[in-house]
Peer 1: 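Shown below is the structure under consideration.
Just follow the structure's listing: the first ligand is 1, and inside any ligand the first atom is 1.
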Amino acid sequence: MNELLGRVFSFETKVFPNESTLYNQLASHGQSPKALMISCADSRIVPEHIMQAQPGDLFVCRNAGNIVPPHDSQLGGVTATVEYAVMVLGVRDIIVCGHSDCGAMKALATDADLSTMPNVAAWLRHSHAAQKLCRESYPADLDAADKLRNMALENVVVQLSHLRTHPSVASGIARGEIALHGWYVDIHAGQVLGLDGETGRFSVLREGQPLPVALPHGRRLAGESPIAQAAE
Ligand SMILES: [Zn+2]
């Protein structure tokens, strides 16, 4: 048997006994995760590991390229997961997390031939805005590593904008109940970078420094603007 698969036997005998109180509490009272994280399926990017999260802490949705299809373009797992996290679990923070050396981003950055993988090609169309932006807005003579990094960072920005097309998210943001975060994990350096929505730039997350936030909690109701009130 695959050595990894064999490890499952120790869950009941070794892992669970140490955490049975937590699991029993979660089983009795249900879950109330503190955040939704949408990250890549890459085996090296483990959200619970990066966040040092316990069972019950984090609602996670993983897919190739940490992509969030815009609402209505493709009803599927990501859309349903986002809706459930917001509507039922009342998640207040949503993190889109990209990473270095991402295979999906590499395919986009290098214009790889994906003709034998039509589903991957179709999925990555949700990142074409980032791909075009990288191609046309950055210097053409960047080396491959910089191109790949830029692609992954811009992809996070694009997926955050897609997230805002989801009605449950848009509504929660307007009421100030949801904040959006764009992160990038540098596997080589062991660092996590966060997007500052004001500047559009990423910086390393450090303890003791303000957390860069893509879109902070804050009421945003256009109808409450002074102009609208004066017109009543
Ligand atoms: Zn990846």
Peer 1: Answer with yes or no whether the side chains of Q52 and D57 bring together a donor and an acceptor at under 3.5 Å.
Peer 2: no
Peer 1: Let's test this: below 2.8 Å, count the protein N/O/S atoms around the Zn ion (ligand 1).
Peer 2: 3
Peer 1: Do H217 and D93 come close enough that some side-chain heavy atom pair is under 4.5 Å?
Peer 2: yes
Peer 1: Test P47 against every option in S39, C97, C40, C61 by the side chain to side chain contact (heavy atoms under 4.5 Å, CB included) rule and name the one that passes.
Peer 2: S39
Peer 1: Starting from the C-alpha separation in whole Å, work towards a yes-or-no answer on side-chain hydrogen bond (donor to acceptor under 3.5 Å, both in side chains) for D111 and Q131.
Peer 2: CA-CA 9 Å; D111 272 323; Q131 185 189 41; 3.2 Å; yes
Peer 1: So with a 6.0 Å cut-off around CZ of R125, is the heavy-atom count from everything else above 12?
Peer 2: no
Peer 1: With sequence neighbours left out, what residues match R44 under side chain to side chain donor-acceptor pair (under 3.5 Å)?
Peer 2: D42, D101
